[in-house]
Peer 1: 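Can you read through this structure? Questions will come right after.
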Amino acid sequence: SYSQPVAAREVDSSAEREIKQDQRLLTQANQAIHASLLQSEKVEEATGLFVITLQGTPNADPHNEGRLDKFKEAWRKSCGTDPELHVCPGVMDDRRGYGLTRSWHNCLQMARDMDLE
């Protein structure tokens with residue numbers, strides 16, 4: 001007795017699978033970065049991490065609120081220090097992939113402006 005058409009349920013299910021896959025990939029990437037930093041002998045010389053976030057970005061999905069704060073808290077608990085982050089605001093755009101590409105570009109430009117090529 002589910003009133004939503006089958007095609008709509010399949011789209012929702014596909015989108016949910018895609019979101020879950022993205023979340024798994026981000027978690028794996030964060031774990032790899034953390035492991036790499038822990039193994040590095042030059043952690044003291046690091047100038048920080050660049051992080052793209054949609055937290056606080058107008059028109060972003062509400063589930064992004066607080067995600068950067070949660071990341072920082074998890075870092076503190078895991079590493080015992082505050083992360084040195086350079087925050088790159090995410091770019092929202094209706095064109096698939098454009099916002100992320102623009103965000104990466106802006107983040108790379110920030111690094112160049114800081115002479116961190």
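Throughout, residue positions are numbered sequentially from 1 according to the sequence presented.
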Peer 1: For a 4.5 angstrom cut-off between non-hydrogen side-chain atoms, does Leu54 reach Met92?
Peer 2: yes
Peer 1: Short question: side chain of Thr53, backbone of Pro89 - any donor-acceptor pair under 3.5 Å?
Peer 2: no
Peer 1: Within a 6.0 Å radius of atom CG on Asp94, are there more than 12 heavy atoms belonging to other residues, nucleotides or ligands?
Peer 2: no
Peer 1: Between atom CH2 of Trp75 and atom CG of Asp82, what is the distance when rounded to the nearest 0.5 Å?
Peer 2: 11.0 Å
Peer 1: Could you walk me through whether Arg112 and Leu108 pass the side-chain contact (heavy atoms from CB on, under 4.5 Å) test, one step at a time?
Peer 2: CA-CA 6 Å; Arg112 290 187 74 193; Leu108 290 171; 5.6 Å; no
Peer 1: Go through the steps to decide whether Trp104 and Gln109 satisfy the test side-chain contact (heavy atoms from CB on, under 4.5 Å), and finish with yes or no.
Peer 2: CA-CA 8 Å; Trp104 273 101; Gln109 186 62 52; over 6 Å; no
Peer 1: So does Leu49 get a backbone contact from the side chain of Glu84, meaning a donor-acceptor N/O pair under 3.5 Å?
Peer 2: no
Peer 1: Tell me if a side-chain donor or acceptor on Gln55 pairs with a main-chain N or O of Glu65 at a distance below 3.5 Å.
Peer 2: no
Peer 1: Apply the test side-chain contact (heavy atoms from CB on, under 4.5 Å) to residues Leu85 and Lys72: give CA-CA distance (whole Å), side-chain angles for both, the deciding distance (0.1 Å), then the verdict.
Peer 2: CA-CA 9 Å; Leu85 299 179; Lys72 290 178 186 178; 3.8 Å; yes
Peer 1: Do Glu73 and Arg76 sit within salt-bridge range, that is, some charged N less than 4.0 Å from a carboxylate O?
Peer 2: yes
Peer 1: How far does CZ of Arg102 sit from CZ of Arg95, to the nearest 0.5 angstrom?
Peer 2: 10.0 Å
Peer 1: Answer yes or no: is there a donor N or O on one side and an acceptor on the other, between the side chain of Ser78 and the main chain of Ala74, under 3.5 Å?
Peer 2: no
Peer 1: According to side-chain contact (heavy atoms from CB on, under 4.5 Å), who are the partners of Asp61, at least two apart in sequence or on a separate chain?
Peer 2: His63, Asn64
Peer 1: Given the rule in the side-chain contact (heavy atoms from CB on, under 4.5 Å) test, do Ile52 and Cys88 qualify, once you have shown the distances and angles that lead to the verdict?
Peer 2: CA-CA 5 Å; Ile52 296 172; Cys88 305; 4.0 Å; yes
